[in-house]
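Values below: all heavy atoms of this structure, side chains included; hydrogens, waters and symmetry mates excluded.
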Amino acid sequence: MPLRSARLGLSLLCALASTACAHTPTTRQADYYGTLEPFAREAVYFVMTDRFVNGDPGNDHRDQGGALGTFDIPLPPCNGVSGNIGYLGGDFKGLADHLDYIREMGFTAVWITPIVDNPDQRFTGGSAPTCGGILADQGKAGYHGYWGVNFYQVDEHLPSPGMDFRDLVAAMHRKGMKLVLDIVGNHGSPAWGMTFDQPKFGKIYDKDGTLIADHQNLPPQQLDPEHNPLHRFYNTVGPVDGAKGSIFDGNLAQLSDLNERNPDVLDYLVGAYLQWIDQGADAFRIDTIAWMPDSFWQAFTTRIRAKHPGFFMFGEAFDYDAARIATHTLPGHGETSVLDFPMKQAMEEVFGRKQAGFERMIPALHLTGGPYANPYELATFYDNHDMPRLDASDEGFIDAHNWLFTARGIPVVYYGSEMGFMRGRPEHGGNRNYFGTEGIAAAKASPIRAALTRIAQVRAASPALQRGLQLNLELQGNRAAFYRVYQHDGVHQIALVLLNKGDAPEHFAVQTMLQPGRWHDAIGGETLTLQAGEALHAEVPAHGVRVFLLDAQVTEPTLAAALDAAMADARRSR
């Protein structure tokens, strides 16, 4: 079956490069890559540390908080499944003990939730959690780590004797893995609306344990930073109704809103996060990046990179508008990567219950002429802890991973998705439930994990799939076909990816821009020797993937012409 067009405008490329399309050999050795960012080689497994594995019950602090205890706080069932808003025991040791489980799937980095000290009671303010609700914190403990009160101190629920943060990083590095640390810059803990002024809530301490900021259980509008030094870390705006202005100009729920105009806030955060880099953190995921102005993040990233040049960071701007989230990637706006929410939206539609066709991916890719500084450096994902997990069949998860590990971007997979854990469940209805050794044992028998492992290991061994340019041949219905090409600094590889998310096998016959040579089937192991003008024929099983690799310089003229055009317009100049 001939390949259908994916709107690449190949005929136009040939018209613009008529000499190249005359099928005359070329000896050019141009550079072809999507990105040279080293971190783009990685594939990331995201864990909520408290919900992964309890490796040391001795640090559970099950009696902490007294009448406002913080351990094991189950919620009423949501459609038969209960969430939990207390600590459940996951810790550094539990993660370190199961790094082999993560590594053997093909993941080379682990993103963990914030490690900084959180309050020691459950929050008495705010609104009560509901099944589908978010930002409802009444009765909740800081198990997730996002309620920092001392950004220099590790939360006591995480370390064990011989396994502090530095030890965890060292354990990962010994296995050739990187640690991505989740950081928060715009807020601390919940700060007002409490039935009494609870210890630690709304407070910030310096590295010596000295109190330097205190909301004093006052609404933001009642703070007096001009006369009270303990209020100067905070903004005084309060929540902003989206119908009356930008929600990003005000508080997020009842969280203490850090004052981006106060240089002491910047100094405090830079100092704290440099400390964690010094202990081994390899990259940052920046929480709620859109809630602080770009000027703040530009100052922050400049100071971090002054001591650690090239340090990789990606931010969370929860927005499906590519133009809006792309601003964070641009010069003067922070120059970070971002989580690819527009791609997440497309993946949910294509691989979830809606079962849209692969053509839905086209507007989310932004391979050329897009708003991002570099689309190849985006962190790609289909769900996380702040939204319902992907609602898909086993085959839908398999199809999602086949795309995630072959298309452009840095793949991120949320813990448990390797077995469809809590699929479709919202935050308070099981999304963040405890995984544990029982979950790991069940996942090892899952067909989702088996298929994920196959394709993730192919990506881990392929420079083209990691950082190569992407040229689409076909994205339509259940079928996808595209090239990934990397040619730089003596490394050269062409990958041809064929995907089938349908319930029946599909036959592909690829001739467009196909370079002759010895193509290796990265999954099946066979070798196809193709002559000039010959098509590559391949059967792709139902919900399957085939990846063919040619380790050779680009010599096919039409391929070179298309790559030249893509290379010229894939990235914005910095």
Quiz item: Under 30°, 30 to 60°, or over 60°: which ring-plane class applies to Phe341 and Phe381, parallel, tilted or perpendicular?
Solution: perpendicular

Exercise. May I ask you to check whether Tyr143 and His157 place their ring centres under 6.0 Å from each other?
Key: no

Quiz item: Are His385 and Tyr146 an aromatic pair by the rule of ring centers under 6.0 Å?
Solution: yes

Practice problem: Just jot down the side chain to side chain contact (heavy atoms under 4.5 Å, CB included) partners of Ala272, sequence neighbours excluded, or say none. | Solution: Phe151, Tyr152

Self-check item: Residues Trp111, Tyr45; criterion ring pair (Phe, Tyr, Trp, His ring centres under 6.0 Å); working and verdict
Solution: CA-CA 6 Å; Trp111 155 16; Tyr45 188 75; over 10 Å; no

Self-check item: Donor-acceptor pair, side chain of Gln515 and main chain of Thr555, under 3.5 angstrom
Solution: yes

Exercise. Identify which one of Arg425, Met48, Met422 satisfies the side chain to side chain contact (heavy atoms under 4.5 Å, CB included) criterion when paired with Asn433.
Key: Met422

Quiz item: Parallel, tilted or perpendicular: which fits the ring planes of Phe435 and Tyr101, with parallel below 30° and perpendicular above 60°?
Solution: tilted

Quiz item: Under the side chain to side chain contact (heavy atoms under 4.5 Å, CB included) test, which residues partner Glu427, sequence neighbours left out?
Solution: Ile134, Lys140, Arg432

Quiz item: In terms of the angle between their ring planes, are Phe300 and Phe296 parallel, tilted or perpendicular, with boundaries placed at 30° and 60°?
Solution: parallel

Quiz item: Would Leu158 and Asn59 satisfy side-chain contact (heavy atoms from CB on, under 4.5 Å), going step by step from the backbone distance to the final call?
Solution: CA-CA 7 Å; Leu158 299 175; Asn59 62 15; 5.9 Å; no

Quiz item: With Arg546, which of Asn500, Val540, Val497 fulfils side chain to side chain contact (heavy atoms under 4.5 Å, CB included)?
Solution: Val540

Self-check item: Side-chain H-bond candidate by donor/acceptor type, Tyr486 with Arg467, under 3.5 Å
Solution: yes

Exercise. Measure the NE2-OG1 distance between His308 and Thr301 for me, rounded to the nearest 0.5 Å.
Key: 13.5 Å

